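First comes the structure, then the notes that go with it.
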Amino acid sequence: MTSAERTTQQSAILIVDDEPIVQQSLAEWFRSDGYEVDSAGSAKEALRKVAEGRYDIALVDIKMPGMDGLELQSRLAEVEPDLTVIMITAYASVDSAVQALKAGAFDYVTKPFDPDELSHLVRRAIEHRSLRFENIRLKESLDAIAGAPTIIGDSPGMRHVLDLVEAVSETDATVLIRGDSGTGKELVARAIHAKSGRRYNPMVVVNCGALAEGILESELFGHEKGAFTGAQYRHKGKFEMADGGTIFLDEIGAVSQRVQVELLRVLEDKVVTRVGGQTPISVDFRVIAATNQDLEAMVEAGDFREDLFWRLNVFTVEIPPLRERPEDIIALAHHFLEQYCHAMNRPHSNITPEALEVLGSYSWPGNVRELENAIERAIVVGKECVVRSEDLPVRVHGSTEPVVNGSSLAEVERAHILSVLNAMEWNISKSAEALGVDRGTLYNKIKRYGLQRPPDGAG
Amino acid sequence: MELVSEPSSVEAVHLLTVGPFPRRMAEDLIIGLSREVRVPCRLLEETTEIETQILPDRAQVHADHLLRQLEALPIERGIKLVGVTLHDMAIPIFTFVFGRSRLGGPATVVSLARLRPEFYGLPADPAVTMRRGVAEILHEIGHNLELKHCRNYSCLMFFSHDVETVDLRGMSFCASCAPLLPAGFLAPGRNRY
Ligand SMILES: [Zn+2]
Ligand SMILES: [Zn+2]
């Protein structure tokens, strides 16, 4: 960004305070947040500066020697009626701040400032002024950084996914993404968000499966100071953080019955109340949920609320597992190769035909994530930036032979669990997620089948 | 500070704990940092007594005073010194700060006090505290390496005044900020699924 561009998109703030330390600290702080800042040490100087320059917001200390903040406020209103005035007050003199509000000040802040409060106040003041020009410029500059992530895959299955992403991103519809662990559900969610009208606002990710019930509630809806023992400070919820943007609820099937009720209410009303709070906060968000579970079966079994299911199941994107689209394996492998070589500052490189053969005939139970791990590992252990078949993890070689040949169901299960565990580097949570069972079940099966983690280096 | 040329070079990150600080936590920070940056990260022995100043009536450590103490230490060129503390920090005009640093400066200071879920009444989660701590340290080092705040909410250089935004930011510099860092500073990033 050149300095000329910056100037046109910045809001200008004038700080009026007789204490140089307040002037300096505030000026530095606002400047680092991208504002144009000027300061004045007295009311007189402030009047002169406002008459000469263009300011959007003036932060005025109520208590100043000579002409005080209240008088300055009324004089400023004559000189520059469009100027938004925010009063600075010590907490002891809130009375005069109220007087200032009556006289047309936008709001007031008390010293010392809560950085979060001050930042919100100023942003609110700017939005209030609806500086459309600034917003347009800001959005243009954000366009460059809000780009959609690249989704690699030219198989019919992935092309269908991309078509769906394209179609649904133009709407504000709720999306349910389904697919096995490691297929890239978050990446698809990010692509939808980045192509949508909400792309200038955040996409907030909540992994519902990773949090205990009580914490999930606080995470989703936030809590007020003093909401429960130990809550000495308020905590904003993910829905609040997603205002204007998208909330991505991953592993939606893991949400408890009680939180399902709350969730349904928030999705319907678009209003959240922090735990222990009184004030409903209205939020504007789009929901993208994801699961690798059979939600229909969960509804049937009474584990997932049917009304919530229908709320979420408006538009479904199903990501096929990697084994169903072998033509994508090679493209993805090259993509990761290029990415990691670039990141590791290695020269441009290739994959040997034998390695391609091995990659193409493996079943990839851990999907794209497993493939990425394999390529990264091959680059790390390999001599040059060439991926050779011997650089690939042992398990990738192993599965070129059919695993299930004439085996009993138990043997098939054992082999499958082992291959998933290996694919996930024995991460129990991820493996359980990929297998669609809980961690306890997986531990039991590991015990029953006497499965053991291979020594380091074996993959 | 008279830092004349090549302000954006960094050969190593040195971590110094200030005040009571569990050894284990400091080591976890080093491990976390080492995952994100490619230059060596080292934990300094607490041989130097760092003076802290308490802000009147606030039971908080004066962050800028602490930063000045760190900057006054003999810091070799190419070293970025990171002071970490469990003390809650603030400066006179703000009720709290997560960290402080100066553009192009040799040192930064970061407090983990308000990065801990416990502070908000949530169950302790050392992994979350570590992730936020590493993110804040990288943000402040970013300033030391001349980076300014970024408009991209998912970038480490986004200005955050609350822990929720720290989480939202994630752990990487955006495509506009990353190239401004010295070559070879960052470790290769991973994709998310
Ligand atoms: Zn900063
Ligand atoms: Zn950035």
Side-chain angles (χ1 to χ4, degrees), chain A residues 21-22 25-26 29 32-34 111-120 138 141-142 144-147 181-187 190 201-204 212 214-215 218-219 222-223 227-238 240-241 336 339-340 342-345 367-369 372 376, chain B residues 38 55 57-58 60 64 88 90-98 101-103 113-114 117-125 127-128 143 147-155 157-165 167-170 174-178 183-184 186-193:
Chain A
I21 178 76
V22 176
S25 312
L26 275 185
W29 194 77
S32 81
D33 207 9
K111 264 195 283 197
F113 312 106
D114 178 317
D116 188 30
E117 224 169 80
L118 181 61
S119 148
H120 276 261
L138 178 59
S141 75
L142 277 173
I145 54 184
S181 181
T183 46
K185 295 188 284 292
E186 184 177 334
L187 197 66
R190 287 197 183 278
N201 292 305
M203 179 174 110
V204 176
I215 309 164
S218 246
E219 279 294 318
H223 68 243
F228 42 83
T229 324
Q232 50 170 311
Y233 209 76
R234 63 112 191 82
H235 183 67
K236 286 184 222 166
K238 299 285 191 192
E240 243 181 293
M241 298 302 288
F336 292 135
Q339 188 186 325
Y340 279 102
H342 178 74
M344 295 183 195
N345 259 327
N367 289 294
V368 187
R369 185 191 289 140
E372 180 182 356
E376 185 196 12
Chain B
R38 217 180 318 166
L55 284 161
D57 309 323
R58 289 218 246 152
Q60 287 173 304
D64 285 350
D88 191 15
I91 54 172
I93 68 151
F94 284 119
T95 52
F96 70 90
V97 293
F98 292 143
S101 59
R102 289 181 309 115
L103 274 189
R114 288 176 191 248
E118 303 92 292
F119 187 85
Y120 307 90
L122 296 167
D125 189 335
V128 168
H143 285 318
L147 288 191
K148 293 182 182 158
H149 287 140
C150 176
R151 295 275 186 168
N152 186 340
Y153 60 81
S154 59
C155 175
M157 292 317 290
F158 190 77
F159 202 9
S160 58
H161 316 295
D162 54 41
V163 81
E164 297 84 358
T165 310
D167 289 343
L168 188 60
R169 241 171 20 180
C174 76
S176 317
C177 292
L186 291 177
R190 297 189 64 81
N191 296 294
R192 273 186 282 194
Y193 295 98

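Not measured: the values here are computed from a predicted model.
- Contact count against chain B (heavy-atom pairs under 4.5 Å) is highest for Gln232(A) among His120(A), Gln232(A), Lys111(A), Glu117(A).
- Here CZ of Arg114(B) is found 5.5 Å from CD of Gln60(B). Values are rounded to the nearest 0.5 Å.
- Most heavy-atom pairs under 4.5 Å with chain B: of the set Ser32(A), Ser25(A), Ser218(A), this distinction falls to Ser32(A).
- With a 4.5 Å cut-off on non-hydrogen atoms, Thr165(B) touches chain A through its backbone and its side chain both.
- Heavy atoms closer than 4.5 Å to chain B are found in both the backbone and the side chain of Leu26(A).
- Checked against a 6.0 Å centroid threshold, the rings of Phe94(B) and Trp29(A) count as neighbours.
- Taking both residues in full, the closest heavy atoms of Val163(B) and Phe98(B) are given as N-CZ, 3.8 Å, listed atom of the first, atom of the second, then distance.
- Of the two parts of Asn367(A), neither the backbone nor the side chain holds a non-hydrogen atom closer than 4.5 Å to a non-hydrogen atom of chain B.
- If you measure heavy-atom distances from Leu168(B) to chain A, the contacts under 4.5 Å come from the side chain alone.
- Here Phe96(B) contributes atom CZ and Asp116(A) contributes atom CG; the two are 6.0 Å apart, rounded to the nearest 0.5 Å.
- Aromatic rings from His161(B) and Phe159(B) are positioned such that their centres are separated by under 6.0 Å.
- Listed here is the closest heavy atom pair of Leu122(B) and Glu219(A): CD1-OE2, 4.3 Å.
- When heavy atoms are compared at a cutoff of 4.5 Å, Pro92(B) approaches chain A solely by way of its backbone atoms N, CA, C and O.
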